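Here is the structure we will look at.
Residue numbering restarts at 1 for every chain, and letters A, B, ... go by the order of the sequence lines. From a predicted model like this one, the values you see are computed outputs, not experimental measurements.
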Amino acid sequence: MAAHLKKRVYEEFSKVVQIPHEEAQAKKLRLSKPSKSAALHVDLCKATNSTDALQYLLQFARKPVEVESVEGVIRILLEHYYKETDNSVRLKIASLLGLLSKTNGFSPDCIVDDAINTLGNEKSHQVLAQLLDTLLVIGSQLPESPAVRLRLIEVACKHLSDTYFGVRNKCLQLLGCLGLVDAPLTKDSNGPSSSSGGARDVQSIISNYFADQDPRVRTAAIKAMLQLHDRGMKIHQIIYDQACRLLSDDYEQVRSAAVQMVWVLSQLYPESIVPIPSSNEEIRLVDDAFGKISHMVSDGSWMVRVQAAKTLGSMLQVSSHFLEQTLDKKLMSDLRVSRAFPLAESHATQTEHVLCFVNLQRKRTAHERAKELFVSGEFSSGRKWADDAPKEKLDSNTVNLIASGACGAFVHGLEDEMFEVRIAAVEALCQLARSSPSFAEKCLDFLVDMFNDEIEEVRLQSIHVLREISTHITLREDQLDTVLAVLEDSSRDIREALHELLCYTNVSTKECIQLALLELLKNLNKYPTDRNSVWKCLKFLGSRHPALVLPLVPELLSTHPYFDTPEPDMDDPAYIAVLVLVFNAAKSCPTMPALFSDHTFRHYAYLRDSLSHLVPPLRLPGRKQVYSLDSVDSSCGSSSVESAQLFLQQSLNRVSSIQNLETAGDQDLLNFTIRDLQRLGELQTELAGAADFCATYLRCQLLLMKALQEKLWNVAVPLYLQQNVTATAAAQQILEETYKLEFLYSGLESRQVATIHHVRLQAKALQLILTARTRQGLDLLISSCEKFLQEVESFQRLFLSELPHLQDSFVDKLLELMPRLVSCKPAELVKILQTTLRQSGLLQLRLPEQIHRATATIVEPTGESDNPLKFTSGLVVALDIDATLEHLHDPQNSVKVQVLYPDGQSHVIHPKPGDFRKPGPNRHRLITQVYLSHTAWTEPSQVEVRLLLAYSSSSSSS
Amino acid sequence: MPEIKVTPLGAGQDVGRSCILVSIGGKNIMLDCGMHMGYNDDRRFPDFSYVTQNGRLTDFLDCVIISHFHLDHCGALPYMSEMVGYDGPIYMTHPTKAICPILLEDFRKITVDKKGETNFFTSQMIKDCMKKVVPLNLHQTVQVDDELEIKAYYAGHVLGAAMVQIKVGSESVVYTGDYNMTPDRHLGAAWIDKCRPDILISESTYATTIRDSKRCRERDFLKKVHESIERGGKVLIPVFALGRAQELCILLETFWERMNLKAPIYFSTGLTEKANHYYKLFITWTNQKIRKTFVQRNMFEFKHIKAFDRSYADNPGPMVVFATPGMLHAGQSLQIFKKWAGNEKNMVIMPGYCVQGTIGHKILNGQRKLEMEGRATLDVKLQVEYMSFSAHADAKGIMQLIRMAEPRNMLLVHGEAAKMEFLKGKIEQEFSIDCYMPANGETAMVTTNPSVPVDMSLNLLKREMALGGPLPDPKKPRTMHGTLIMKENSLKLVSSEQALKELGLNEHQLRFTCRVQLQDPHSDPDTLHRVYTHLKSVLKGYTIQHLPDGTVMVESIVIKVSSSAEDVNAKVLLLSWSYQVQQSPVIFSSEPFNQFLFSSSRKGFRHTR
């Protein structure tokens, strides 16, 4: 039955509802069943053969073990270990040992000896490897015990010569994780300090295994070295040569790890000098490493290629000519030197020598250099027919500063077969370009070319990258052409990314502006849903290039010097788009309004009202100065923000003068301040978050104050039931507001969070007092008292570092009285609370640097839609939702969609993580579909769609 | 010393007519069997009589391997197998096997039906020839016979193109065929593992070129086509039916879609439909993007590209036509070219290499007046553009492949001599390996140093490993003791005891003795005792025994004392040790020990005197 019903979908701007997930405190039970260890012992003894024993152990592994019985269990396992002959059972036991020593709260130092002893008479290599793994776990559980570490290292060194690769792997891992960081012994101090060789230089031991016969061991050795680096040990430069040799290993995992190793060293010793083999040339280490990693971009394995491409991006210290070489497949003459050249200075010291070299290069003029760069010699480019006749052979006496295979790393990376590599290359280009404007200029063409990539992700990524480096560059017309061609892409993401890019681009000529406008209008025509995005894009385009727009104005507005042209349709999105461009340009170009015709002014007034976020205030000649306020605002934008900031601070200071919450005047002061702040938030969008935050906080204080000043406190207990209601409501409201304060604002520091929690604690104290007065039964009171005390404790634990700032506050006083509170009776506790609460003063709020309120705007569905959605009862209809979320941390997990049907039914829908996009910093976009379904109803009615922010009160510690 | 011989019958310092003979480990393999596009006489096929003089090809060749379906690599196949006579196996990949007969048939039609040549292979011959084909899969090792094995690697270039590794024992040769190291719109890049062949036979079409970014080329191409279309001109793109054509089609198709262009794109019929069918079919041989998206849309189902009819060439208005063949030497592309050559608005884009002698080659070299058959001349007014879309590796790609495979020797084919020379120098300089570039009929010989595998018992290995120092030193050779037994074509390394047992021989004891003269007045047993006590005091840490039979044992060295008959005081000290003592590494230290023993015993007695 087709229910011909009208359902209207509601639009709700910035409606955020919170659903608290209170987590029940997990009750701890002490189990009185026989200890785990005993049960295990019985089981293992029962086992007749190894398969049975293995089964028991597997079952055992699935159950958790309490901290108290861990040691017992381990003893039993060890005992059984010695008896067991089967390898697999011993292996399982060894792995269980590791698992058990990870148990929270258990310190494994008591089993170190036993574990090491087991190694002694183990024959099976697999079990040996597992035991070493267990030792690794134990060792990492005991970071504060150097003695244990030394012993473990000794053990590892002893087993390094094992024939089985797994054992060697584990030993190296052990060395990497536990090797001594704090006291890296130099070779000289080797003799006296080390008796057993255990304290030998860990690095040299590990680096011996760089040449192991097994690739897995080689990988493990490099990984161990990287681990040492991660733990803060300075890797010796000698390793560099060895690592470079590993770059040409036969196995990809080795090469991949070696790339990382070389990178680490290049970051550690960027300015060291390394020789180029078979020549007298020397170059900086970072350049050498850069060349070697560039070389890996054309590796046979794509995993290595990805790794190498990614790594290149973070080598920012590299010299510019090496950087430029990545964009040309041919060896540039810059990086080729005649062999005879440096001999002249061979007496000079190394550093001087390099300086000479650099200087000599700098002496050439830029023009000469550019010419040489492009006429790069021996090879032809293949662009022209018959251009590839062999040139005369170059002097074989030249030395290449970079392996010829390394040239054009990015050219290779960008045209790689695997899009993973291409994306990595694009990202690396971006990083390098951001730090070097000249490189940004050069790589522009390559990035623009990537807009034609066959994979959408790559296109998208390159658009994003271009946006990030767009401050450095100005697009040429032909580049803009290629860029704008992408506007016809059928993917919405791509188009929007491109709009975003255009917002930030600088273009060079007025033709470019015209071209961009034309393409954007075409886009608007083809995809009307892009309306907002296109308008926004034009707004920025206009305000960035007023001088370029000016000559276009008559044409754009189709005005004519003699004739009146027909008035365009005001509702045409294309016309609005043009106006947005012109008005924004006119903002900083006072001569422009003279070119406007009458209707343009009228349209301005209309648009200024209806699309105020797109149309800036203009000072128009011959108009009434209605906008004086705004124009003042805009003319001194930055100073007004400052003054608003000052005002905010002053109001807060004023409020802080309130000592206790008793006087009536203080209440008024609070009231006014709250009103001021709210108004300030409306006026000054930059400070809206901060003002809002303060206002909410002060409202909480006000509520608290009011609740405490009620007469009920003086009334005898049985009489006040009626008044009690308001106070309870106030407490409830304060609680709610504090949750909002905590989760709705981004940029909070732990100081503010502490303050918020403090208010919440006060509210809870108030609640407790009120419960006590209702006298609902002693049990309830006792439990809520306990709960309150627990909360005080957890507050203390969480904000230990903030406590000094909370002097003289409610909590401070409570903590002083804590010993008494714990021991006293509930009634007494309530009394103490009551007095402290009333005595405690107002806690001053300190504002953090940046504070923003999380907002959500539902762009689609719009509430005003005239065509209602119809759907058959019992079946589903998909509703597209498009919303912008701002200042939200981790929306993938916290934002939900709620659908509220007219009969009060509601569904909460969790959008997929893929539905969230991140178009800019602190901004997310949710584009998803929700399914509506309902039984029949009789007349058109409205369905509400809301966005919810989920939080859980227990996770508030973060 | 074993040798590998490589003799190009075609493609030696030349492009076109690839055909290379390889003799490796007693096996003869023919790599590719192509024809030359520039000739219409006997020169177009390789000279097969060279191979055997008079005998049958089948007796001489162990197998034929075809790298891909281009006619200059497989055009002579039916001629060789059916007309010259070869019955052995022919290896090619699945796509090649599927597409090759279509091209051969097309080629046959043009030659026989259009030009009216006789003495050419027939359709039946093509079919018979294809029956001898054994298909290959990528990375599949195929045993041709007990010793010869071949393995195919992905080569890019065209659909189904493969590089082959040929291996006999430990000797191996890799033949690249044509390959491409830069992926394009429809195919991936060539890849090979570090197989370290003795010879890498590589094509070198673009030996002196390093191409700039492929994206740049694509953009230029699209721009040129677009501009010409906007001017209202016609664009002719001569292509070979398969390969580049598909790439350019995908490129133009996506461009048309994006720019919303309306001008028609045509593709000469016949071959195309069948070919596109195979492209749709062998989707696993294409690149990442097409492989991943073919479920939603098979990229080879073109929306904008329609079949061409001869009459369309005279239609007014702009159009783009892909026509075969690629070098403008015959067929439809030449016909269209003749029609359009007079108008300067039109354009011809040569997307690839042109062999000398073809019209393509001539116009690219700037010739503006062409002589046609029948003495007519043709004025070339249209624009001639060259876009290197040829999917051959450039110099950089060749270097990259060398770096990937790490060959011991390099051999260049399929390129022009002068350019090869240049690349040869580069390769020798950069990799310091030998590089050969034999001409047709010339033989390049490479001596190999094959490693001889020897079986060794695990016990012996473990024992010898235990003797050496700690493990990690895999790069250094290590000496070990054992006996090498050669029996029935196999080599075995066993311990000496086992060798004795197996051969039924007795073990001989070899003892070294030495006499030392001493002056000592004591009796023989006393002297011996004195020697014993002295040694005991000097050599600590060695087991020294005084045996009741009148000898002293130091480890395994026996010392006896006897006095000569003439002089009672002159004692002779007899020392005796076995061969093992001298050799075995454990008591290697016994050599200095022995000297020490002598000197000390002399010294000791001097003292007592």
- Message: As an exercise, state the distance from CG of A/Asp299 to CE of B/Met404, rounded to the nearest 0.5 Å.
- Response: 7.0 Å
- Which answer fits B/Asp184, side chain, backbone, both or neither, if we ask what part of it has an atom under 4.5 Å from a heavy atom of chain A? backbone
- Message: Any side-chain to backbone donor/acceptor pair from B/Arg215 onto A/Val411? Under 3.5 Å, distance only.
- Response: no
- Please round to the nearest 0.5 Å and tell me the distance separating atom OG of A/Ser248 and atom CZ of B/Arg403. 11.0 Å
- Under 4.5 Å from any heavy atom of chain A - which part of B/Gln288: both
- Message: For the CD atom of B/Gln400 and the NE2 atom of A/His412, what is their distance to the nearest 0.5 Å?
- Response: 5.0 Å
- Task: Please state whether the side chain, the backbone, both or neither of B/Lys194 comes within less than 4.5 Å of a heavy atom of chain A.
- Result: side chain
- Query: From B/Met181 CE over to A/Glu415 CD, what is the distance, rounded to the nearest 0.5 angstrom?
  - Reply: 11.5 Å
- Tell me, side chain or backbone of A/Asp214 under 4.5 Å from chain B's heavy atoms, or both, or neither? neither
- Task: Check the surroundings of atom NZ in A/Lys158: do more than 12 heavy atoms from other residues, nucleotides or ligands lie under 6.0 Å from it?
- Result: no
- Message: For a side-chain contact (heavy atoms from CB on, under 4.5 Å) check, start with the C-alpha distance between A/Asp250 and B/Arg196, then their side-chain angles and the critical distance, and finish with the verdict.
- Response: CA-CA 11 Å; A/Asp250 282 9; B/Arg196 302 197 170 88; 2.7 Å; yes
- Message: How about OH on A/Tyr251, more than 12 heavy atoms from neighbouring residues, nucleotides or ligands closer than 6.0 Å, or not?
- Response: no
- Query: Counting only N and O atoms by type, is there a donor-acceptor contact under 3.5 Å from the side chain of A/Glu417 to the main-chain atoms of B/Pro183?
  - Reply: no
- Query: B/Lys396 side chain to A/Gly408 main-chain N or O, any donor-acceptor pair under 3.5 Å?
  - Reply: no
